[in-house]
Amino acid sequence: MSPLSSDRDRRRHARIKAPIACHSKRLESEHSQSLDISLSGIRVYSDNPLNTGEELEIQLDLPDKQRVKCRATVMWVKPLAKADLARYEVGLQFIDLSANHLLMLAYQIKRISLV
């Protein structure tokens, strides 16, 4: 069972595919585009091996050119095949998203999900 399917019932916020890039010094990958995102976390690629529980400083580049900066915890790491776009798929949980940034992210998620 994949980490995503085992967590599906516990998830508070639905994840959507969205054109949101995620950057961090520890998330080195040629593919910064998120795989999916919710109000509580994001799934991204990384070429760096990360540890579950590790905290990262991240920046989200929203479709309207606004930026959201916050910290996130690595919830799971899935190694990928050599033919994939990166070495790892990573699930991050936001841990200190400000109220203003949460509203910005909620607006973008709602706008994208209505399209």
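It should be emphasised that the depicted structure is a prediction, and the values quoted were computed from it without experimental measurement.
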Between D47 and R87, which heavy-atom pair has the shortest distance, and what is it? OD1-N, 3.0 Å

About how many Å separate CD1 of I20 and CG of L60, when rounded to the nearest 0.5 Å? 6.5 Å

Taking the side chain as every heavy atom from C-beta outward, state whether L39 and L102 have any pair of such atoms under 4.5 Å apart. yes

Under 4.5 Å between side-chain heavy atoms, hopping through other hydrophobics if needed: is there a path connecting I58 to I16? yes

Side chain S32, main chain A21, donor-acceptor under 3.5 Å: no

Common cluster, I37/V77, ILVMFWY with side-chain heavy-atom separation under 4.5 Å: yes

Single-linkage hydrophobic cluster Y45~V90, side-chain heavy atoms < 4.5 angstrom: no

Main-chain N/O of C70 paired to D96 side chain as donor or acceptor, under 3.5 Å: no

I'd like to know if the side chain of R26 and the backbone of P49 have a donor-acceptor N/O pair within less than 3.5 Å. yes

Which heavy atom in P19 sits nearest to a heavy atom in P63, and how many Å separate them? O-CG, 3.7 Å

Taken to the nearest 0.5 Å, the spacing of E55 CD from L92 CG works out to 11.5 Å

Locate the shortest heavy-atom distance separating S46 from A86; write the atom from each residue and the value. O-CB, 3.7 Å

Which atom names give the shortest non-hydrogen contact between A18 and I112, and what distance separates them? CB-CD1, 3.6 Å

Hydrophobic cluster membership, with links at side-chain heavy-atom distances under 4.5 Å among I/L/V/M/F/W/Y: are I42 and L50 in one? yes

Scanning both residues in full, the closest heavy-atom pair of R43 with W76 reads CD-CH2, 3.6 Å

Rounded to the nearest 0.5 Å, the CG atom of L85 sits from the CD atom of Q33 at a distance of 11.5 Å

What distance do L105 atom CG and S38 atom OG have between them, rounded to the nearest 0.5 Å? 8.0 Å

How far apart are the closest heavy atoms of Q59 and K69, and which atoms are they? OE1-CE, 3.2 Å

M104 CE to D64 CG distance, which is reported to the nearest 0.5 Å: 6.5 Å

Atom pair CG/CZ of L56 and R71 - distance to nearest 0.5 Å: 10.0 Å

Salt-bridge contact K25-E57 (side-chain N to carboxylate O under 4.0 Å): no

Going by an N to O cut-off under 4.0 Å, is there a salt bridge joining K17 and D36? no

